[in-house]
Amino acid sequence: MKAIQVHEFGGPDVLKLAEVPTPKPEAGQVLVRVHAAGVNPYDTYMRAGTYAVKPPLPYTPGSDAAGVVEAVGVGVSKVKPGARVYTAKTVTGAYAEYALALENQVQALPGKINFSQGAGIWVPYGTAYFALFYSAQARASETVLIHGASGGVGTAGVQIARAMGMTVIGTAGTDKGLDLVKREGAHHAFNHTKAGYAEEILNATGGRGVDVVLEMLANVNLATDMKLLATNGRVIVIGNRGEITINPRELMLRRGVVRGFTLWATTDTEAADIYAGIGAGLENGTLRPVVGKELPLAEAPRAHKEILEPGAAGKIVLVP
Ligand code: NAP
């Protein structure tokens, strides 16, 4: 089969298309014929060798695949060959024509969700779901600021928060991104590259502030986020690419909280909750993964460059 392989950590060009043996499912494993693989920012940090998780080389990147079950190993009862599935992590990597996954890493893909959308489920929706329900313990009557709402996690967060009844404020850096954020359900959208946009956010809440912030770039925004909080507000750090100086007094004044998490650390019980919540939303149409760009598998290096550039508009997906 064809697969992207990384033989050394480095820039996007270390992603090489290779011919490798098609894996065979062992007991408890599922072989998925991959129709689409989602590209996530963490794939780029891992490829660069700067991520907390450093896989043994060579490896095939990607945790988010969608496709059809090709074969199952002994003891697998959850899915049968021919079933449409998406993966939440894999054993052999998603950037390939076939991916091996453990039985508990595959979930049913509802008929109304196409494969490219299916490749944008686990990391984006799992992260947004965990941030809102576990980290922030958000409630329907509250207001959420999704700071970076035009990308994978952001669009997922907008849809989930809107479906649960929250007042949703989203930000993006381009007009296209702002349109997308509004189309996916935000009540208000502001441009995070424009001077004075934080004041506009505060004004949109009538000066009260927001109850929850889902933060995609904490090293730029954390100090501002703390000033935008209402009393008992929570900033949830999802993305961060460096250091920042903050004034903790801003939290004291508002009884505020800053919390962080990584999706890697979710327990099986938490994951079961996430799958149930996401599965229901995909079924009833409130969750609709937004695919911004589909690229052939061989263009993985381009996908890794573009996902780190401004101007996000949903997911970038690789099609083997
Ligand atoms: P993505 O699809 O590339 O989207 C990036 C988002 O960040 C876009 O909405 C982008 O908006 C926005 N952004 C850019 N500059 C910004 C600024 N100054 N202020 C606020 N937002 C800004 O990435 P993603 O998949 O949504 O992931 C977002 C971040 O969360 C990444 O850093 C990723 O590594 C991290 N993440 C963490 C976890 C975890 O477990 N903690 C899980 C998933 C993702 P424009 O392009 O419109 O400017």
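It should be emphasised that the depicted structure is a prediction, and the values quoted were computed from it without experimental measurement. Numbering of ligands and ligand atoms starts at 1, following listing order.
- Counting atoms of ligand 1 from 1 in the listed order, those under 4.0 Å from a heavy atom of A172 are 47 (O).
- Of the options G151, A313, G173, G120, the smallest heavy-atom separation from atom 1 (P) of ligand 1 is shown by G151.
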Task: Audit row: H304, Y45, ring-ring contact (aromatic ring centres under 6.0 Å, His included) steps and yes/no - done: CA-CA 10 Å; H304 272 215; Y45 320 147; 9.7 Å; no
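- I4 and V317 are not part of a single hydrophobic cluster, where members link through side-chain heavy atoms under 4.5 Å apart.
- Within the listing of ligand 1, atoms 29 (C), 30 (O), 32 (O), 35 (C) sit less than 4.0 angstrom from a heavy atom of G239.
- The shortest heavy-atom distance from G311 to ligand 1 is under 4.0 Å.
- At least one heavy atom of R241 sits less than 4.0 Å from an atom of ligand 1.
- For the residue pair D225 and H147, a side-chain donor N or O sits within less than 3.5 Å of a side-chain acceptor on the partner.
- Aromatic ring centres of Y129 and Y125 lie farther apart than the 6.0 Å criterion allows.
- A salt bridge links E306 to R302: at least one charged side-chain nitrogen sits closer than 4.0 Å to a carboxylate oxygen.
- Atoms of ligand 1 found under 4.0 Å from any heavy atom of I307, numbered from 1 in the order shown, are 3 (O).
- Looking at P124 against ligand 1, nothing comes within 4.0 Å, counting heavy atoms.
- Contact annotation for V123 and ligand 1: only side-chain heavy atoms (C-beta onward) come within less than 4.0 Å of the ligand.
- In terms of N/O distances under 3.5 Å, ligand 1 is not approached by P310.
- When heavy-atom distances to ligand 1 are checked against a 4.0 Å cut-off, N221 comes that close only through its side chain, counted from C-beta outward.
- Of the protein's non-hydrogen atoms, M216 CB, 3.9 Å is the one closest to atom 7 (O) of ligand 1.
- Closest to atom 11 (O) of ligand 1 by heavy atom, among G260, S150, A312, is S150.
- Here the protein heavy atom with the shortest distance to atom 26 (O) of ligand 1 is V153 N, 2.9 Å.
- D273 and Y134 are linked by a side-chain donor-acceptor pair at a separation below 3.5 angstrom, with hydrogens and angles left out of the test.
- Closest to atom 12 (C) of ligand 1, if we only count protein heavy atoms, is G148 CA, 3.7 Å.
- Using a cut-off of 4.0 Å between Lys/Arg side-chain N and Asp/Glu carboxylate O, R288 and E184 are scored as salt-bridged.
- For K78, the NZ atom counts as densely surrounded, since its 6.0 Å shell holds more than 12 non-hydrogen atoms of other residues, nucleotides or ligands.
- Distance check on atom 37 (C) of ligand 1: some protein heavy atom falls below the 4.0 Å cut-off.
- Between the side chains of Y86 and Q117, no donor-acceptor pair is found at a separation under 3.5 Å.
- Among protein heavy atoms, atom 14 (C) of ligand 1 sits closest to H192 NE2, 3.8 Å.
- Nearest protein heavy-atom contact of atom 43 (C) of ligand 1 is T127 OG1, 3.4 Å.
- Looking at V220 next to ligand 1, no N or O pair under 3.5 Å apart turns up.
- With hydrogens and angles left out, the side-chain atoms of Y51 and W264 include a donor and acceptor closer than 3.5 Å.
- With F9 as the aromatic partner, R47 does not meet the cation-pi criteria of under 6.0 angstrom to the ring centre and within 45 degrees of the ring axis.
- The option with the heavy atom closest to atom 17 (C) of ligand 1, from among L217, V181, N191, is L217.
- The shell of residues lying under 4.0 angstrom from ligand 1, judged by heavy atoms, includes Y45.
- Ligand-side atoms of ligand 1 in range of H147: 20 (C), 21 (N), range being under 4.0 angstrom from any heavy atom.
- Less than 4.0 angstrom separates some heavy atom of A149 from each of these atoms of ligand 1: 9 (O).
- The nearest heavy-atom contact from the protein to atom 40 (O) of ligand 1 is L263 N, 2.8 Å.
- Counted within 6.0 Å of CD on E309, heavy atoms from surrounding residues, nucleotides or ligands total more than 12; the atom is thus considered enclosed.
- Closest to atom 23 (O) of ligand 1 among all protein heavy atoms lies P41 CG, 3.3 Å.
- In the model, N114 has no side-chain atom that pairs as donor or acceptor with a side-chain atom of S116 under 3.5 Å.
- Residues D64 and N40 bring a donor and an acceptor atom of their side chains to less than 3.5 Å of each other.
- In this structure, K315 does not pair ionically with E294, as no charged nitrogen and carboxylate oxygen lie closer than 4.0 Å.
- On a distance-only criterion, F261 and ligand 1 share at least one N/O pair closer than 3.5 Å.
- Annotation: atom 2 (O) of ligand 1 to nearest protein heavy atom, G152 N, 2.9 Å.
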